[in-house]
Q: 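Take a look at the following structure, please.
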Amino acid sequence: MAFLAWLSASAVGQWVSGSTWAYPGLLFVHTLGLGVLVGLNSAVGLRLLGFAPRIPVAAMEPLFPYMWAGFWLNAVSGSVLFIADAPKKAANPSFLIKLVLIACAVVVMRALKRHAFEPLNPGTLEPLNLPDVTGRTKMLAAMSLALWAGAITAGRLMAYTQALR
């Protein structure tokens, strides 16, 4: 707890919590990154589950670098937001659940790319028809959607849950 208190008292922590624009600006960046990451991840997941069958599955692969950009934007902005009130956030069960769900979602996102796209011939946009999408890929797509929805929900619940005692 001493380290977390030190983080919050650091220059970065004081700037974020004491500035009129820092916290809302970082929250905006965090929300923007979340929209990119989860929005594109949802598009890929829903396509793999059978929505928008006219769109070739292979055409979704170029979205992954943008998803990773959204993830890193969130990781950096979220870390700075955490510093502003580290002791309180670290003790919040919703925050801990959010971190676990994000870690699981990232593992699933990597597995989804590996299972859905790496078997394809690189550089082609050959349509991968829905029957060609394996059951495992569909399971990963559904898990991805559920994990990101859970992470978003846990993040929102942070404002309404108390610290562990």
Side-chain angles (χ1 to χ4, degrees), residues 7 12 16 21-84 86 89-90 92-161:
L7 267 180
V12 172
V16 173
W21 296 104
Y23 195 88
L26 284 164
L27 201 54
F28 170 77
V29 170
H30 197 65
T31 304
L32 183 66
L34 184 68
V36 170
L37 169 61
V38 178
L40 295 177
N41 195 282
S42 296
V44 171
L46 290 171
R47 174 58 194 98
L48 291 171
L49 290 172
F51 291 86
R54 289 184 171 176
I55 298 172
V57 170
M60 305 300 268
E61 185 177 17
L63 299 178
F64 278 86
Y66 298 104
M67 285 189 265
W68 283 111
F71 170 78
W72 287 112
L73 191 60
N74 263 19
V76 171
S77 61
S79 296
V80 178
L81 287 167
F82 173 78
I83 290 171
K89 286 187 170 107
N92 189 323
S94 294
F95 179 72
L96 302 174
I97 291 167
K98 173 185 171 180
L99 291 182
V100 169
L101 291 171
I102 290 169
C104 292
V106 167
V107 169
V108 168
M109 189 167 78
R110 289 183 57 128
L112 190 61
K113 182 168 186 329
R114 188 171 54 253
H115 289 285
F117 298 103
E118 290 180 7
L120 297 177
N121 195 1
T124 69
L125 287 180
E126 292 293 319
L128 180 62
N129 296 322
L130 190 59
D132 297 333
V133 176
T134 67
R136 181 178 184 148
T137 301
K138 289 180 184 180
M139 180 197 63
L140 288 168
M143 285 174 57
S144 179
L145 292 169
L147 288 167
W148 285 119
I152 291 169
T153 302
R156 278 306 306 137
L157 288 176
M158 285 172 52
Y160 308 105
T161 54

Q: Using side chain to side chain contact (heavy atoms under 4.5 Å, CB included), reason through F64 and L40 one step at a time and then give a plain yes or no.
A: CA-CA 8 Å; F64 278 86; L40 295 177; over 6 Å; no

Q: Quick check: do T153 and L101 have side-chain heavy atoms less than 4.5 Å from each other?
A: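 No, every pair of side-chain atoms sits at 4.5 Å or beyond.
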
Q: So, the side chain of S79 versus the backbone of A75: is there a donor-acceptor pair under 3.5 Å, distance only?
A: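 Yes; judged by distance alone, with no hydrogens or angles, the pair exists.
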
Q: Within this structure, what is the CD1-CD1 distance for the pair I102 and I97, rounded to the nearest 0.5 Å?
A: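 Between atom CD1 of I102 and atom CD1 of I97 there are 12.0 Å.
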
Q: May I have the step-by-step check of side chain to side chain contact (heavy atoms under 4.5 Å, CB included) for R110 and W68, ending in yes or no?
A: CA-CA 10 Å; R110 289 183 57 128; W68 283 111; 3.6 Å; yes

Q: If you measure from OG on S144 to CG on N41, what distance do you get to the nearest 0.5 Å?
A: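 Here the interatomic distance stands at 3.5 Å.
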
Q: Would you mind reporting whether L37 and Y66 have side-chain heavy atoms less than 4.5 Å apart?
A: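 No, side chains not in contact.
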
Q: Of the non-hydrogen atoms in T161 and N92, which two are nearest, and what is the gap between them?
A: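 Here T161 and N92 meet closest at OG1-OD1, 2.6 Å.
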
Q: Is the terminal nitrogen or CZ of K89 (NZ for Lys, CZ for Arg) located under 6.0 angstrom from the six-membered ring centre of F82 and within 45° of that ring's axis?
A: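 K89 over F82 ring: no.
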
Q: Is there a side-chain contact between K138 and L48 (heavy atoms, below 4.5 Å)?
A: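 K138 does not reach L48 side chain to side chain.
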
Q: Could you measure the distance from the CG atom of L46 to the CG atom of L145? Nearest 0.5 Å is fine.
A: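 So the CG of L46 and the CG of L145 are separated by 5.0 Å.
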
Q: Mark yes or no for whether R47, through its side chain, and I55, through its backbone, hold a donor-acceptor pair below 3.5 Å.
A: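 Side chain of R47 to backbone of I55, a donor-acceptor pair under 3.5 Å: yes, one is there.
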
Q: At their closest point, which heavy atom of G45 faces which heavy atom of A141, and how far apart are they?
A: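 In terms of heavy atoms, the two residues are closest at O-CB, 3.6 Å.
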
Q: What heavy-atom pair brings W148 and A105 nearest, and what distance separates the two atoms?
A: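 Minimum heavy-atom contact is CE2-CB, 3.4 Å.
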
Q: To the nearest 0.5 Å, what is the distance between CG on L140 and CZ on R114?
A: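 It is 8.5 Å, given to the nearest 0.5 Å.
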
Q: Check L27 against L81 and note the closest heavy-atom contact, atom names and distance.
A: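 Residues L27 and L81, closest heavy atoms: CD1-CD1, 4.0 Å.
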
Q: Can you give me the closest heavy-atom contact between S77 and H30, atom names plus distance?
A: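 Result for this residue pair: OG-ND1, 2.9 Å.
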
Q: Check whether any side-chain heavy atom of I83 sits under 4.5 Å from a side-chain heavy atom of V16, and report yes or no.
A: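 Side-chain contact under 4.5 Å: no.
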
Q: Does any part of the side chain of V36, heavy atoms only, come nearer than 4.5 Å to the side chain of M67, both counted from C-beta?
A: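 Contact flag for M67/V36 side chains = no.
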
Q: Looking at V133, is its backbone amide N or carbonyl O close enough to the side chain of T137 to form a donor-acceptor pair, meaning the two atoms are under 3.5 Å apart?
A: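 A pair under 3.5 Å: no.
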
Q: I'd like to check the side chain to side chain contact (heavy atoms under 4.5 Å, CB included) partners of A22; sequence neighbours left out, ordered by chain and number.
A: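 For A22, the residues satisfying side chain to side chain contact (heavy atoms under 4.5 Å, CB included) (neighbours in sequence not counted) are W15, S19.
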
Q: Does H115 offer a backbone N or O that forms a donor-acceptor pair with the side chain of R136 under 3.5 Å?
A: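 Looks like no, no N/O pair under 3.5 Å.
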
Q: What closest approach, in Å, do S94 and L157 show between heavy atoms, and which atom pair accounts for it?
A: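 Nearest heavy atoms, S94 then L157: OG-CB, 3.7 Å.
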
Q: Could you measure the distance from the CG atom of L32 to the CG atom of N74? Nearest 0.5 Å is fine.
A: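 Reported to 0.5 Å precision, the distance equals 8.5 Å.
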
